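Quick notes on the structure that follows.
Only a predicted model underlies this, so the values are computations on that prediction, with no experimental measurement involved.
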Amino acid sequence: MADTTQKSKSPGSGLQKSLKLIFVYTVATGCMFTYVSYWDSVFFSYCGAGTFLAFALMTVAILPTALVYSEISPLFKTAGGELIYNTVGINKHVGFLASWLIMAAWISVPPAVVMAIATYIGKLFSLNLTFQVTVGIGVAILLLVFIMSLQDIQFLVKMQAGCLFANIGTTLITAVLILTSGHWSIANVLDLFSFSSLDSSMGIPAWIIGMALLITPYFGFETVPQMVEEGDFPITNTKTAICGSVLTCGAIYTVFFFCVAGLAPVHDLLAGDAANGFMTITAMENLLGWKVWPVIYGLVSILLGMTASILGFWMSTVRMLYSMGTKNFLPGAFTKVNKHQQPILPNIFLLGISLAFILLQNAGSFMNDFFNLMSFGCACAYALTMISAVRIRHKHPEWYRNNGNVVRGGDATRILAMVIMIAIAFFCTLGQGIGSWISFGVYLGVGAVIWLWMVLVRWKKSPVIIETPDGEQEF
(Lines give C-alpha, C1' and ligand atoms only; values in the text may rest on other atoms or scores of the structure.)
Protein backbone atom coordinates (compact mmCIF):
# COMPACT_ATOMS: atom_id res chain seq x y z
CA MET A 1 0.00 0.00 0.00
CA ALA A 2 3.03 2.28 -0.33
CA ASP A 3 1.43 3.83 -3.37
CA THR A 4 -1.02 3.10 -6.08
CA THR A 5 1.63 2.78 -8.77
CA GLN A 6 3.33 -0.13 -7.08
CA LYS A 7 3.08 -3.32 -9.12
CA SER A 8 1.06 -6.18 -7.75
CA LYS A 9 2.75 -9.39 -6.83
CA SER A 10 2.58 -12.21 -9.30
CA PRO A 11 -0.31 -14.64 -8.80
CA GLY A 12 0.36 -17.21 -6.13
CA SER A 13 3.33 -15.35 -4.64
CA GLY A 14 1.53 -14.20 -1.50
CA LEU A 15 -1.05 -11.63 -0.44
CA GLN A 16 -2.31 -9.59 -3.40
CA LYS A 17 -2.93 -5.83 -3.57
CA SER A 18 -6.63 -5.51 -4.31
CA LEU A 19 -8.44 -3.90 -1.36
CA LYS A 20 -10.11 -0.49 -1.64
CA LEU A 21 -10.04 1.83 1.37
CA ILE A 22 -13.77 1.38 2.00
CA PHE A 23 -13.28 -2.34 2.56
CA VAL A 24 -10.37 -1.85 4.96
CA TYR A 25 -12.65 0.53 6.89
CA THR A 26 -15.53 -1.96 6.88
CA VAL A 27 -13.26 -4.78 8.04
CA ALA A 28 -12.25 -2.73 11.11
CA THR A 29 -15.76 -1.38 11.76
CA GLY A 30 -17.31 -4.81 11.26
CA CYS A 31 -14.89 -6.28 13.79
CA MET A 32 -15.92 -3.70 16.38
CA PHE A 33 -19.63 -3.35 15.81
CA THR A 34 -20.98 -6.71 16.87
CA TYR A 35 -21.73 -6.61 20.58
CA VAL A 36 -24.89 -4.51 20.86
CA SER A 37 -27.51 -7.23 20.82
CA TYR A 38 -25.97 -10.09 22.84
CA TRP A 39 -23.40 -8.55 25.18
CA ASP A 40 -25.78 -5.68 26.02
CA SER A 41 -26.64 -7.51 29.25
CA VAL A 42 -22.93 -7.64 30.14
CA PHE A 43 -22.54 -3.92 29.46
CA PHE A 44 -25.55 -2.97 31.59
CA SER A 45 -24.56 -5.33 34.38
CA TYR A 46 -21.19 -3.53 34.53
CA CYS A 47 -22.30 0.10 34.14
CA GLY A 48 -26.09 0.18 34.55
CA ALA A 49 -28.03 3.09 33.09
CA GLY A 50 -24.73 4.92 32.63
CA THR A 51 -23.59 2.41 30.01
CA PHE A 52 -24.04 5.00 27.25
CA LEU A 53 -21.82 7.44 29.18
CA ALA A 54 -19.22 4.72 29.71
CA PHE A 55 -19.15 4.16 25.94
CA ALA A 56 -18.81 7.88 25.26
CA LEU A 57 -15.90 8.12 27.71
CA MET A 58 -14.28 5.00 26.30
CA THR A 59 -14.46 6.49 22.80
CA VAL A 60 -12.50 9.49 24.05
CA ALA A 61 -10.06 7.21 25.90
CA ILE A 62 -9.42 5.06 22.82
CA LEU A 63 -8.87 7.91 20.37
CA PRO A 64 -5.26 8.74 21.44
CA THR A 65 -4.31 5.10 20.85
CA ALA A 66 -6.08 5.12 17.48
CA LEU A 67 -4.22 8.29 16.51
CA VAL A 68 -0.87 6.72 17.44
CA TYR A 69 -1.73 3.66 15.34
CA SER A 70 -2.57 6.04 12.49
CA GLU A 71 0.87 7.59 12.91
CA ILE A 72 2.97 4.42 12.90
CA SER A 73 0.91 2.35 10.46
CA PRO A 74 2.14 4.23 7.33
CA LEU A 75 5.77 3.51 8.27
CA PHE A 76 5.49 -0.20 7.52
CA LYS A 77 4.08 -1.65 4.32
CA THR A 78 3.50 -5.29 5.25
CA ALA A 79 1.01 -7.03 7.51
CA GLY A 80 2.06 -7.49 11.10
CA GLY A 81 0.96 -4.49 13.15
CA GLU A 82 1.89 -5.12 16.78
CA LEU A 83 4.46 -7.72 15.73
CA ILE A 84 6.37 -5.13 13.70
CA TYR A 85 5.89 -2.10 15.94
CA ASN A 86 7.09 -3.80 19.12
CA THR A 87 9.96 -5.63 17.44
CA VAL A 88 11.30 -2.41 15.94
CA GLY A 89 10.49 -0.36 19.03
CA ILE A 90 11.80 -2.77 21.68
CA ASN A 91 12.88 -6.25 20.51
CA LYS A 92 11.64 -9.43 18.86
CA HIS A 93 10.63 -11.05 22.15
CA VAL A 94 8.27 -8.18 23.00
CA GLY A 95 7.14 -8.20 19.37
CA PHE A 96 6.13 -11.85 19.72
CA LEU A 97 4.42 -11.20 23.08
CA ALA A 98 2.45 -8.20 21.80
CA SER A 99 1.25 -10.02 18.70
CA TRP A 100 0.27 -13.05 20.79
CA LEU A 101 -1.62 -10.82 23.23
CA ILE A 102 -3.58 -9.01 20.52
CA MET A 103 -4.38 -12.32 18.91
CA ALA A 104 -5.80 -13.45 22.26
CA ALA A 105 -8.46 -10.82 21.68
CA TRP A 106 -8.93 -11.67 18.02
CA ILE A 107 -8.94 -15.45 18.51
CA SER A 108 -11.47 -15.09 21.33
CA VAL A 109 -14.02 -13.63 18.94
CA PRO A 110 -14.87 -16.54 16.59
CA PRO A 111 -15.63 -19.08 19.34
CA ALA A 112 -17.43 -16.50 21.48
CA VAL A 113 -19.53 -15.23 18.60
CA VAL A 114 -20.50 -18.62 17.16
CA MET A 115 -21.65 -19.65 20.62
CA ALA A 116 -23.71 -16.46 20.79
CA ILE A 117 -25.28 -17.28 17.42
CA ALA A 118 -26.04 -20.83 18.55
CA THR A 119 -27.56 -19.53 21.79
CA TYR A 120 -29.72 -17.07 19.84
CA ILE A 121 -30.99 -19.84 17.57
CA GLY A 122 -32.10 -21.73 20.67
CA LYS A 123 -33.78 -18.60 22.10
CA LEU A 124 -35.51 -17.69 18.83
CA PHE A 125 -37.08 -21.10 18.35
CA SER A 126 -37.61 -21.76 22.08
CA LEU A 127 -35.29 -24.73 21.97
CA ASN A 128 -33.98 -26.07 25.25
CA LEU A 129 -30.51 -26.73 23.91
CA THR A 130 -27.99 -28.49 26.10
CA PHE A 131 -24.53 -26.99 26.29
CA GLN A 132 -23.21 -29.91 24.24
CA VAL A 133 -25.70 -29.22 21.43
CA THR A 134 -24.87 -25.51 21.56
CA VAL A 135 -21.18 -26.37 21.22
CA GLY A 136 -22.02 -28.65 18.29
CA ILE A 137 -23.80 -25.81 16.48
CA GLY A 138 -20.86 -23.52 17.23
CA VAL A 139 -18.41 -26.04 15.78
CA ALA A 140 -20.50 -26.34 12.61
CA ILE A 141 -20.52 -22.56 12.17
CA LEU A 142 -16.74 -22.40 12.72
CA LEU A 143 -16.22 -24.99 10.00
CA LEU A 144 -18.37 -22.91 7.63
CA VAL A 145 -16.35 -19.77 8.43
CA PHE A 146 -13.15 -21.74 7.84
CA ILE A 147 -14.33 -22.75 4.37
CA MET A 148 -15.33 -19.16 3.55
CA SER A 149 -12.00 -17.83 4.78
CA LEU A 150 -10.17 -19.82 2.12
CA GLN A 151 -12.04 -17.99 -0.66
CA ASP A 152 -11.01 -14.85 -2.56
CA ILE A 153 -10.46 -11.75 -0.40
CA GLN A 154 -12.97 -9.74 -2.48
CA PHE A 155 -15.70 -12.24 -1.65
CA LEU A 156 -14.86 -12.01 2.04
CA VAL A 157 -14.71 -8.21 2.37
CA LYS A 158 -17.83 -7.59 0.27
CA MET A 159 -19.81 -10.13 2.26
CA GLN A 160 -18.57 -8.60 5.49
CA ALA A 161 -19.43 -5.06 4.36
CA GLY A 162 -23.00 -6.12 3.50
CA CYS A 163 -23.45 -7.73 6.91
CA LEU A 164 -22.03 -4.64 8.65
CA PHE A 165 -24.26 -2.06 6.99
CA ALA A 166 -27.36 -4.19 7.55
CA ASN A 167 -26.45 -4.39 11.24
CA ILE A 168 -25.85 -0.63 11.54
CA GLY A 169 -29.13 0.15 9.82
CA THR A 170 -31.31 -2.08 11.98
CA THR A 171 -29.52 -0.92 15.15
CA LEU A 172 -30.26 2.75 14.43
CA ILE A 173 -33.87 1.96 13.50
CA THR A 174 -34.25 0.05 16.77
CA ALA A 175 -32.89 3.02 18.73
CA VAL A 176 -35.46 5.34 17.15
CA LEU A 177 -38.31 2.86 17.71
CA ILE A 178 -37.43 2.50 21.40
CA LEU A 179 -37.07 6.27 21.86
CA THR A 180 -40.50 6.90 20.34
CA SER A 181 -42.24 3.86 21.86
CA GLY A 182 -44.09 5.83 24.52
CA HIS A 183 -42.37 3.84 27.29
CA TRP A 184 -39.15 5.86 27.26
CA SER A 185 -38.34 8.05 30.27
CA ILE A 186 -35.37 10.32 30.94
CA ALA A 187 -35.71 9.44 34.66
CA ASN A 188 -34.40 5.94 33.87
CA VAL A 189 -31.36 7.41 32.11
CA LEU A 190 -30.40 9.82 34.89
CA ASP A 191 -29.74 6.99 37.35
CA LEU A 192 -26.20 6.78 35.96
CA PHE A 193 -23.92 5.26 38.59
CA SER A 194 -26.17 3.44 41.04
CA PHE A 195 -25.75 -0.05 39.63
CA SER A 196 -22.87 -2.39 38.82
CA SER A 197 -22.64 -6.13 39.32
CA LEU A 198 -18.92 -5.78 39.90
CA ASP A 199 -17.29 -5.08 43.25
CA SER A 200 -15.18 -2.05 44.00
CA SER A 201 -11.52 -2.92 44.43
CA MET A 202 -8.57 -1.05 45.94
CA GLY A 203 -10.74 2.04 46.29
CA ILE A 204 -11.66 2.01 42.59
CA PRO A 205 -15.45 2.22 42.06
CA ALA A 206 -17.07 -0.78 40.41
CA TRP A 207 -18.50 1.45 37.66
CA ILE A 208 -14.99 2.54 36.62
CA ILE A 209 -13.82 -1.08 36.47
CA GLY A 210 -16.87 -1.86 34.35
CA MET A 211 -16.10 1.01 32.00
CA ALA A 212 -12.53 -0.28 31.57
CA LEU A 213 -13.90 -3.66 30.54
CA LEU A 214 -15.82 -1.90 27.75
CA ILE A 215 -12.58 -1.69 25.80
CA THR A 216 -13.69 -4.96 24.19
CA PRO A 217 -16.29 -3.40 21.85
CA TYR A 218 -13.57 -1.04 20.62
CA PHE A 219 -10.82 -3.41 19.68
CA GLY A 220 -10.80 -3.98 15.97
CA PHE A 221 -9.35 -0.75 14.60
CA GLU A 222 -5.92 -2.33 14.97
CA THR A 223 -6.88 -4.85 12.30
CA VAL A 224 -6.25 -2.13 9.68
CA PRO A 225 -2.44 -2.66 9.71
CA GLN A 226 -3.08 -6.35 8.99
CA MET A 227 -4.66 -5.38 5.68
CA VAL A 228 -2.03 -2.89 4.43
CA GLU A 229 -0.23 -5.49 2.35
CA GLU A 230 -3.39 -5.98 0.29
CA GLY A 231 -4.49 -2.34 0.01
CA ASP A 232 -4.21 -0.55 -3.34
CA PHE A 233 -4.52 3.01 -1.97
CA PRO A 234 -1.92 5.39 -0.49
CA ILE A 235 -0.83 4.04 2.87
CA THR A 236 -1.32 7.40 4.60
CA ASN A 237 -5.07 6.92 4.16
CA THR A 238 -5.06 4.22 6.83
CA LYS A 239 -5.91 6.98 9.34
CA THR A 240 -9.36 7.25 7.75
CA ALA A 241 -10.02 3.56 8.35
CA ILE A 242 -8.53 3.47 11.87
CA CYS A 243 -10.10 6.60 13.38
CA GLY A 244 -13.23 6.33 11.26
CA SER A 245 -14.04 2.90 12.65
CA VAL A 246 -13.60 4.11 16.26
CA LEU A 247 -15.77 7.20 15.79
CA THR A 248 -18.47 5.33 13.86
CA CYS A 249 -18.85 2.61 16.46
CA GLY A 250 -18.46 4.95 19.44
CA ALA A 251 -21.23 7.23 18.20
CA ILE A 252 -23.65 4.37 17.53
CA TYR A 253 -22.87 2.63 20.84
CA THR A 254 -23.53 5.86 22.76
CA VAL A 255 -26.79 6.71 20.98
CA PHE A 256 -28.15 3.16 21.06
CA PHE A 257 -27.51 2.50 24.74
CA PHE A 258 -28.83 5.94 25.67
CA CYS A 259 -32.11 4.95 24.04
CA VAL A 260 -32.12 1.50 25.68
CA ALA A 261 -31.37 2.95 29.14
CA GLY A 262 -34.53 5.08 29.04
CA LEU A 263 -36.77 2.12 28.38
CA ALA A 264 -36.93 0.92 32.01
CA PRO A 265 -34.95 0.91 35.28
CA VAL A 266 -31.83 -1.21 34.93
CA HIS A 267 -33.10 -3.85 37.38
CA ASP A 268 -36.13 -4.38 35.16
CA LEU A 269 -33.99 -4.54 32.02
CA LEU A 270 -31.80 -7.23 33.56
CA ALA A 271 -34.63 -9.17 35.19
CA GLY A 272 -34.89 -12.91 34.62
CA ASP A 273 -33.32 -14.44 31.54
CA ALA A 274 -32.31 -11.01 30.18
CA ALA A 275 -29.27 -11.09 32.47
CA ASN A 276 -27.87 -13.95 30.37
CA GLY A 277 -27.82 -12.05 27.09
CA PHE A 278 -30.08 -10.44 24.46
CA MET A 279 -31.29 -7.86 26.99
CA THR A 280 -32.63 -5.38 24.42
CA ILE A 281 -34.42 -8.06 22.41
CA THR A 282 -36.01 -9.42 25.59
CA ALA A 283 -37.04 -5.91 26.68
CA MET A 284 -38.76 -5.24 23.36
CA GLU A 285 -40.65 -8.51 23.71
CA ASN A 286 -41.55 -8.38 27.40
CA LEU A 287 -41.73 -4.66 28.22
CA LEU A 288 -43.07 -3.35 24.92
CA GLY A 289 -44.97 -6.43 23.80
CA TRP A 290 -43.44 -6.34 20.32
CA LYS A 291 -43.38 -9.61 18.37
CA VAL A 292 -42.12 -8.95 14.84
CA TRP A 293 -39.41 -6.29 15.12
CA PRO A 294 -37.38 -8.08 17.84
CA VAL A 295 -37.12 -11.08 15.49
CA ILE A 296 -36.05 -8.93 12.52
CA TYR A 297 -33.55 -7.01 14.64
CA GLY A 298 -32.21 -10.20 16.19
CA LEU A 299 -31.78 -12.00 12.90
CA VAL A 300 -29.89 -9.10 11.32
CA SER A 301 -27.87 -8.06 14.36
CA ILE A 302 -27.01 -11.56 15.55
CA LEU A 303 -26.64 -13.53 12.35
CA LEU A 304 -25.32 -10.81 10.03
CA GLY A 305 -23.63 -8.50 12.53
CA MET A 306 -21.78 -11.28 14.26
CA THR A 307 -20.82 -12.87 10.95
CA ALA A 308 -19.19 -9.56 10.00
CA SER A 309 -17.18 -9.65 13.21
CA ILE A 310 -16.09 -13.27 12.79
CA LEU A 311 -14.90 -12.69 9.24
CA GLY A 312 -13.02 -9.51 10.15
CA PHE A 313 -11.13 -10.98 13.08
CA TRP A 314 -10.57 -14.27 11.26
CA MET A 315 -8.98 -12.49 8.29
CA SER A 316 -6.83 -10.37 10.60
CA THR A 317 -5.61 -13.30 12.71
CA VAL A 318 -4.73 -15.28 9.60
CA ARG A 319 -2.72 -12.33 8.27
CA MET A 320 -0.90 -11.86 11.55
CA LEU A 321 0.10 -15.54 11.54
CA TYR A 322 1.12 -15.21 7.88
CA SER A 323 3.24 -12.18 8.76
CA MET A 324 4.86 -14.08 11.62
CA GLY A 325 5.85 -16.71 9.06
CA THR A 326 7.29 -14.23 6.57
CA LYS A 327 9.31 -12.50 9.30
CA ASN A 328 10.60 -15.74 10.83
CA PHE A 329 8.51 -15.68 14.01
CA LEU A 330 6.87 -18.91 12.87
CA PRO A 331 7.95 -21.66 10.47
CA GLY A 332 7.89 -20.82 6.77
CA ALA A 333 4.96 -23.20 6.25
CA PHE A 334 2.71 -20.43 7.60
CA THR A 335 3.40 -18.39 4.43
CA LYS A 336 2.01 -20.88 1.90
CA VAL A 337 -1.17 -19.68 0.18
CA ASN A 338 -3.86 -21.36 -1.90
CA LYS A 339 -5.04 -20.37 -5.38
CA HIS A 340 -7.08 -17.51 -3.87
CA GLN A 341 -3.94 -16.13 -2.12
CA GLN A 342 -5.35 -17.14 1.27
CA PRO A 343 -2.80 -18.48 3.80
CA ILE A 344 -3.46 -22.18 4.37
CA LEU A 345 -1.77 -23.18 7.63
CA PRO A 346 -2.81 -19.99 9.52
CA ASN A 347 -6.43 -20.80 8.68
CA ILE A 348 -6.01 -24.38 9.91
CA PHE A 349 -4.21 -23.23 13.07
CA LEU A 350 -6.94 -20.69 13.84
CA LEU A 351 -9.66 -23.28 13.33
CA GLY A 352 -7.89 -25.66 15.70
CA ILE A 353 -7.37 -23.15 18.51
CA SER A 354 -10.93 -21.81 18.13
CA LEU A 355 -12.31 -25.31 18.50
CA ALA A 356 -10.12 -25.85 21.55
CA PHE A 357 -11.34 -22.62 23.13
CA ILE A 358 -14.97 -23.70 22.70
CA LEU A 359 -14.36 -27.11 24.22
CA LEU A 360 -12.51 -25.62 27.20
CA GLN A 361 -15.45 -23.44 28.20
CA ASN A 362 -18.25 -24.27 30.62
CA ALA A 363 -21.86 -23.28 30.13
CA GLY A 364 -22.21 -21.07 33.19
CA SER A 365 -19.36 -18.60 32.72
CA PHE A 366 -18.67 -18.83 29.01
CA MET A 367 -19.74 -15.32 28.00
CA ASN A 368 -18.05 -13.37 30.81
CA ASP A 369 -14.88 -15.46 30.68
CA PHE A 370 -14.36 -14.68 27.02
CA PHE A 371 -15.41 -11.06 27.38
CA ASN A 372 -12.85 -10.39 30.12
CA LEU A 373 -10.15 -12.35 28.30
CA MET A 374 -10.61 -10.14 25.24
CA SER A 375 -10.44 -6.97 27.34
CA PHE A 376 -7.26 -7.84 29.20
CA GLY A 377 -5.27 -9.18 26.25
CA CYS A 378 -6.21 -6.24 24.08
CA ALA A 379 -5.37 -3.60 26.69
CA CYS A 380 -1.96 -5.18 27.34
CA ALA A 381 -1.11 -5.26 23.64
CA TYR A 382 -2.13 -1.62 23.21
CA ALA A 383 -0.04 -0.57 26.21
CA LEU A 384 3.08 -2.28 24.84
CA THR A 385 2.51 -0.78 21.40
CA MET A 386 2.26 2.75 22.85
CA ILE A 387 5.63 2.25 24.57
CA SER A 388 7.12 1.09 21.28
CA ALA A 389 5.61 4.06 19.45
CA VAL A 390 7.48 6.44 21.76
CA ARG A 391 10.72 4.56 21.26
CA ILE A 392 10.38 4.38 17.46
CA ARG A 393 9.78 8.14 17.26
CA HIS A 394 12.98 8.83 19.21
CA LYS A 395 15.11 6.13 17.55
CA HIS A 396 14.10 7.05 14.00
CA PRO A 397 12.85 10.66 13.76
CA GLU A 398 13.78 10.69 10.07
CA TRP A 399 11.01 8.20 9.33
CA TYR A 400 8.41 10.82 10.26
CA ARG A 401 9.53 13.69 8.01
CA ASN A 402 6.94 13.04 5.31
CA ASN A 403 4.34 11.47 7.59
CA GLY A 404 1.19 13.58 7.48
CA ASN A 405 -0.35 11.52 10.28
CA VAL A 406 2.05 12.54 13.06
CA VAL A 407 -0.05 13.00 16.20
CA ARG A 408 -0.62 16.46 17.58
CA GLY A 409 1.06 16.89 20.91
CA GLY A 410 3.89 14.52 20.00
CA ASP A 411 5.16 12.51 22.96
CA ALA A 412 2.51 13.96 25.25
CA THR A 413 -0.22 12.24 23.20
CA ARG A 414 1.76 9.01 22.87
CA ILE A 415 2.45 8.87 26.60
CA LEU A 416 -1.16 9.76 27.41
CA ALA A 417 -2.29 6.85 25.25
CA MET A 418 0.20 4.58 26.99
CA VAL A 419 -0.99 5.63 30.48
CA ILE A 420 -4.65 5.14 29.51
CA MET A 421 -3.96 1.65 28.20
CA ILE A 422 -1.91 0.64 31.23
CA ALA A 423 -4.72 1.88 33.49
CA ILE A 424 -7.34 -0.01 31.49
CA ALA A 425 -5.21 -3.17 31.56
CA PHE A 426 -4.92 -2.85 35.34
CA PHE A 427 -8.65 -2.26 35.79
CA CYS A 428 -9.33 -5.30 33.65
CA THR A 429 -7.33 -7.49 36.04
CA LEU A 430 -9.75 -6.44 38.78
CA GLY A 431 -12.63 -7.78 36.75
CA GLN A 432 -11.11 -11.14 35.86
CA GLY A 433 -12.63 -14.34 37.17
CA ILE A 434 -10.89 -17.69 37.57
CA GLY A 435 -12.34 -18.92 34.29
CA SER A 436 -10.79 -16.02 32.43
CA TRP A 437 -7.37 -16.66 33.93
CA ILE A 438 -7.56 -20.36 33.08
CA SER A 439 -8.45 -19.56 29.47
CA PHE A 440 -5.75 -16.91 29.28
CA GLY A 441 -3.17 -19.22 30.87
CA VAL A 442 -3.83 -22.00 28.38
CA TYR A 443 -3.48 -19.56 25.51
CA LEU A 444 -0.24 -18.06 26.87
CA GLY A 445 1.09 -21.56 27.43
CA VAL A 446 0.72 -22.37 23.73
CA GLY A 447 2.51 -19.12 22.90
CA ALA A 448 5.30 -19.87 25.37
CA VAL A 449 5.98 -23.24 23.75
CA ILE A 450 6.21 -21.64 20.30
CA TRP A 451 8.42 -18.81 21.60
CA LEU A 452 10.80 -21.23 23.35
CA TRP A 453 11.13 -23.26 20.16
CA MET A 454 11.97 -20.11 18.22
CA VAL A 455 14.53 -18.99 20.82
CA LEU A 456 16.22 -22.37 21.27
CA VAL A 457 16.04 -23.64 17.70
CA ARG A 458 14.88 -21.46 14.83
CA TRP A 459 16.31 -18.04 15.71
CA LYS A 460 19.74 -19.60 16.19
CA LYS A 461 19.71 -20.46 12.49
CA SER A 462 17.58 -17.72 10.92
CA PRO A 463 17.18 -14.11 12.12
CA VAL A 464 13.97 -12.09 12.30
CA ILE A 465 13.67 -9.87 9.22
CA ILE A 466 11.47 -6.74 9.26
CA GLU A 467 10.92 -4.40 6.31
CA THR A 468 11.39 -0.84 7.61
CA PRO A 469 11.56 2.57 5.90
CA ASP A 470 15.35 1.95 5.72
CA GLY A 471 14.87 -1.40 4.01
CA GLU A 472 14.97 -4.92 5.48
CA GLN A 473 16.68 -5.18 8.85
CA GLU A 474 17.61 -8.06 11.15
CA PHE A 475 16.39 -8.15 14.75
Side-chain angles (χ1 to χ4, degrees), residues 19-41 43-44 51-52 55-56 59 109 113-114 116-117 120-121 123-124 145 148 154-184 216-221 223-224 240-263 277-285 287-288 290-313 315:
L19 290 184
K20 303 297 182 184
L21 179 61
I22 181 62
F23 291 121
V24 176
Y25 161 78
T26 55
V27 166
T29 308
C31 285
M32 296 165 65
F33 192 67
T34 186
Y35 300 98
V36 288
S37 51
Y38 180 23
W39 275 268
D40 50 2
S41 58
F43 303 153
F44 270 72
T51 295
F52 77 94
F55 272 106
T59 303
V109 172
V113 168
V114 299
I117 293 174
Y120 176 71
I121 291 172
K123 174 181 173 64
L124 180 62
V145 171
M148 288 193 295
Q154 292 297 321
F155 164 79
L156 293 172
V157 295
K158 289 177 181 178
M159 180 178 180
Q160 198 230 21
C163 293
L164 167 67
F165 289 126
N167 187 17
I168 289 177
T170 54
T171 299
L172 292 176
I173 291 171
T174 300
V176 173
L177 291 176
I178 289 175
L179 189 64
T180 58
S181 65
H183 292 261
W184 196 88
T216 294
Y218 284 90
F219 77 76
F221 68 83
T223 62
V224 171
T240 300
I242 293 171
C243 293
S245 62
V246 172
L247 292 172
T248 298
C249 294
I252 299 174
Y253 288 146
T254 303
V255 170
F256 182 77
F257 288 118
F258 174 81
C259 294
V260 172
L263 188 56
F278 313 111
M279 183 193 78
T280 304
I281 294 174
T282 301
M284 287 190 288
E285 293 172 342
L287 299 180
L288 300 180
W290 295 352
K291 302 299 182 183
V292 178
W293 184 253
V295 174
I296 296 173
Y297 170 66
L299 288 173
V300 174
S301 186
I302 302 292
L303 300 185
L304 298 187
M306 290 190 169
T307 296
S309 180
I310 295 174
L311 290 175
F313 281 116
M315 286 188 283

For the pair W39 and F44, evaluate ring pair (Phe, Tyr, Trp, His ring centres under 6.0 Å) and give the outcome as yes or no after the intermediate values.
CA-CA 9 Å; W39 275 268; F44 270 72; over 10 Å; no
Going from [atom1] on [X] to [atom2] on [Y], what distance comes out if it is rounded to the nearest 0.5 angstrom?
X	Y	atom1	atom2	result
I173	I178	CD1	CD1	12.5 Å
D40	T51	CG	OG1	9.5 Å
K123	E285	NZ	CD	5.0 Å
L124	I117	CG	CD1	13.0 Å
K158	T26	NZ	OG1	11.5 Å
L164	C249	CG	SG	7.5 Å

is_close_aromatic(Y120, F278), centroid dist under 6.0 Å
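Ring centres of F278 and Y120 closer than 6.0 Å.
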Under 3.5 Å side-chain donor-acceptor pair for Y25 and T248
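A pair is found: one side chain offers a donor N or O, the other an acceptor, under 3.5 Å apart.
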Strictly by modelled atom types, are S245 and T29 linked by a side-chain donor-acceptor pair under 3.5 Å?
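No.
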Does [X] reach the side chain of [Y], with side-chain heavy atoms less than 4.5 Å apart?
X	Y	result
P217	F43	yes
I310	Q160	no
T170	L304	no
F219	V109	yes

Go through it in stages, so that I can follow the logic: the residues are S37 and T280, the test is side-chain contact (heavy atoms from CB on, under 4.5 Å), and I'd like the CA-CA distance, side-chain angles, deciding distance and then a yes or no.
CA-CA 7 Å; S37 51; T280 304; over 6 Å; no
Please report the shortest heavy-atom distance between [X] and [Y], naming the atom on each side.
X	Y	value
V24	A241	CG1-CB, 4.1 Å
I281	G298	CD1-CA, 3.8 Å
Y297	M284	CD2-CE, 3.7 Å
G277	T282	O-OG1, 4.4 Å
T171	N167	OG1-O, 2.7 Å
G220	M32	CA-CG, 3.7 Å

Using side-chain contact (heavy atoms from CB on, under 4.5 Å), reason through K20 and V157 one step at a time and then give a plain yes or no.
CA-CA 10 Å; K20 303 297 182 184; V157 295; over 6 Å; no
For the residue pair F55 and Y253, does the interplanar ring angle fall in the parallel (under 30°), tilted (30 to 60°) or perpendicular (over 60°) class?
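Tilted.
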Between V292 and I296, does the side-chain contact (heavy atoms from CB on, under 4.5 Å) criterion hold? Intermediate values first, please.
CA-CA 6 Å; V292 178; I296 296 173; 3.8 Å; yes
What do the steps show when you test T223 against M315 for side-chain contact (heavy atoms from CB on, under 4.5 Å), and what is the final call?
CA-CA 9 Å; T223 62; M315 286 188 283; over 6 Å; no
Would you please test F33 and F165 for ring pair (Phe, Tyr, Trp, His ring centres under 6.0 Å) and show each step?
CA-CA 10 Å; F33 192 67; F165 289 126; over 10 Å; no
Check the pair F52 / F257 against ring pair (Phe, Tyr, Trp, His ring centres under 6.0 Å), numbers first and verdict last.
CA-CA 5 Å; F52 77 94; F257 288 118; 9.6 Å; no
Checking side chain to side chain contact (heavy atoms under 4.5 Å, CB included) between C163 and each of L311, V300, T307, which is the one that passes?
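Exactly one candidate clears the test, T307.
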